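In what follows, every chain begins at residue 1, and chains take the letters A, B, ... in the order their sequences are listed. Everything quoted here is computed from the prediction, not taken from an experiment.
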Number of protein chains: 2
Amino acid sequence: MKKDEKLEELCDVNDVHRHLVDSVSMDMPEEEILYDLAELFKVFGDTTRIKILYTLFEAEMCVCDIAEILNMTQSAISHQLKILKNAKLVKSRRDGKQIIYALDDEHVGSIIKMGMEHIEER
Amino acid sequence: MKKDEKLEELCDVNDVHRHLVDSVSMDMPEEEILYDLAELFKVFGDTTRIKILYTLFEAEMCVCDIAEILNMTQSAISHQLKILKNAKLVKSRRDGKQIIYALDDEHVGSIIKMGMEHIEER
DNA sequence: TAAACATATGAACAATCATTCATATGTTTG
DNA sequence: CAAACATATGAATGATTGTTCATATGTTTA
């Protein structure tokens, strides 16, 4: 049949692949969601921020304490805390001259834990 | 007492903070572990790689299919697949001319799911 | 074995990013 | 209110990274 031959030409390989392409397109989340998701993981993708999160996992803390613990500049820590705060992973409150930072989401622990499990088992 | 006054000078704020600093240093994982962890999340921190993982969540697939689904260059996909493979998130096998890629770890789903939950609730 | 096909890869480039430095904002204390 | 303290922030810079382009590697088929 000529019609099927033409169809064969149009497809890269065969119909199985074509159907696969269609079904995946269905279940793929919206572009914006995927962007936000990648953006979130990007926040976890930095050693300094991971260390800050680990630190706050222990207790809420002011900026200068975190800087001292990580042996880094106050400025560097402040910049990273802002990123963590924008990602809603950390919250802050003022206490006198200090700004106290704390974890803002119970998912922080779960996500880090999952990551740990993965890297530990190879 | 003179001794305590001197101690007060040495401390940034007070002893409570000092003790905090010590205890956190105790529970902080080794530098190398923290680096690997950040490196892992960095892999999730890119839209293209997130899309690839979502795609493979549906079914194992060859490079050209993924490229077609994501409407991207074969080269770009291949480069990203290499990164995913290095992170042990994806595995590959040859099938004739094609290389079939598939998810290599059950944590991929869990990690993405956790991320999704976080961005969905604010 | 030559041509076609599927994938991998290195170099180059633009874009993104973490840190530093200098300085601004905001709070307390004397 | 001025000085000291804690934090935030903008600009600059070096480093990292995703994509493209050209090409190499490896497999099948005619």
[X]: partners by side-chain contact (heavy atoms from CB on, under 4.5 Å), with sequence neighbours left out:
| X | value |
| --- | --- |
| A:Ser92 | A:Lys85, A:Ile99, A:Tyr101 |
| A:Lys91 | A:Ala102, A:Asp104 |
| A:Ala67 | A:Ile77 |
| B:Ile100 | B:Glu60, B:Cys62, B:Arg93, B:Asp95, B:Gln98 |

Check: protein-nucleotides 27-30 of chain C nitrogen or oxygen pairs below 3.5 Å:
from, atom 1, to, atom 2, distance (Å)
C:dT27, O3', A:Gly96, O, 3.4

For DNA chain D, which residues in residues 36-43 of chain A have a heavy atom at a distance below 4.0 Å?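 Going residue by residue through residues 36-43 of chain A, none turns out to have a heavy atom under 4.0 Å of DNA chain D.
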Atom [atom1] of [X] and atom [atom2] of [N]: how far apart are they, to the nearest Å?
| X | N | atom1 | atom2 | result |
| --- | --- | --- | --- | --- |
| A:Lys82 | C:dA18 | NZ | P | 14 Å |
| A:Ile77 | D:dT7 | CD1 | P | 11 Å |
| B:Leu70 | D:dT19 | CG | C1' | 14 Å |
| A:Arg93 | D:dT7 | CZ | P | 12 Å |
| B:Lys85 | C:dA8 | NZ | P | 7 Å |
| A:Arg49 | D:dT16 | CZ | P | 15 Å |
| B:Leu84 | C:dA8 | CG | P | 12 Å |
| B:Lys51 | D:dG18 | NZ | P | 14 Å |

Between B:Leu89 and B:Leu103, does the side-chain contact (heavy atoms from CB on, under 4.5 Å) criterion hold? Intermediate values first, please. CA-CA 6 Å; B:Leu89 299 176; B:Leu103 296 184; over 6 Å; no
For A:Ile100, report the nucleic acid contact type (base, sugar-phosphate, nothing); a contact means any heavy atom under 4.0 Å.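 If one applies the 4.0 Å heavy-atom cut-off, A:Ile100 turns out to touch nothing in the nucleic acid.
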Any side chain to side chain donor-acceptor pair (under 3.5 Å) involving residues 71-83 of chain B? Give me the pairs, sequence neighbours left out, ordered by first then second residue.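 Residue pairs passing side chain to side chain donor-acceptor pair (under 3.5 Å), neighbours aside: B:Arg49-B:Gln80.
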Pair listing, side chain to side chain donor-acceptor pair (under 3.5 Å) test, anchored in residues 107-116 of chain B, at least two apart: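 Residue pairs with at least one partner in residues 107-116 of chain B: A:Glu117-B:His107, B:Asp105-B:His107.
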Which pairs count as ring pair (Phe, Tyr, Trp, His ring centres under 6.0 Å) when at least one residue sits in residues 32-51 of chain B, sequence neighbours excluded?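 Qualifying pairs: A:Phe41-B:Phe44, A:Phe44-B:Phe41.
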Residues that B:Glu30 engages under salt bridge (Lys or Arg N to Asp or Glu O under 4.0 Å), provided they are two or more places apart: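 Partners of B:Glu30 by the salt bridge (Lys or Arg N to Asp or Glu O under 4.0 Å) criterion come out as none, since no residue qualifies.
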Applying side chain to side chain donor-acceptor pair (under 3.5 Å), can you list everything that pairs with A:Glu31, at least two apart in sequence or on another chain?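 A:Glu31: side chain to side chain donor-acceptor pair (under 3.5 Å) contacts with B:Lys51.
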What I'd like to find out is whether the side chain of A:Leu53 reaches to under 4.5 Å of the side chain of A:Val90, using heavy atoms alone.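 In contact.
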Would you list the protein and nucleotides 19-22 of chain C atom pairs, both N or O, that sit under 3.5 Å from each other?
from, atom 1, to, atom 2, distance (Å)
C:dT19, OP1, A:Thr48, OG1, 2.5
C:dT19, OP2, A:Gln80, NE2, 2.9
C:dT20, OP2, A:Thr73, OG1, 3.1
C:dT20, O4, A:His79, NE2, 3.2
C:dC21, N4, A:Ser75, OG, 2.7

So, does A:Tyr101 get its side chain near the phosphate of D:dA8, meaning an N or O under 4.0 Å from OP1 or OP2?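 True: A:Tyr101 side-chain N/O within range (under 4.0 Å) of D:dA8 OP1/OP2.
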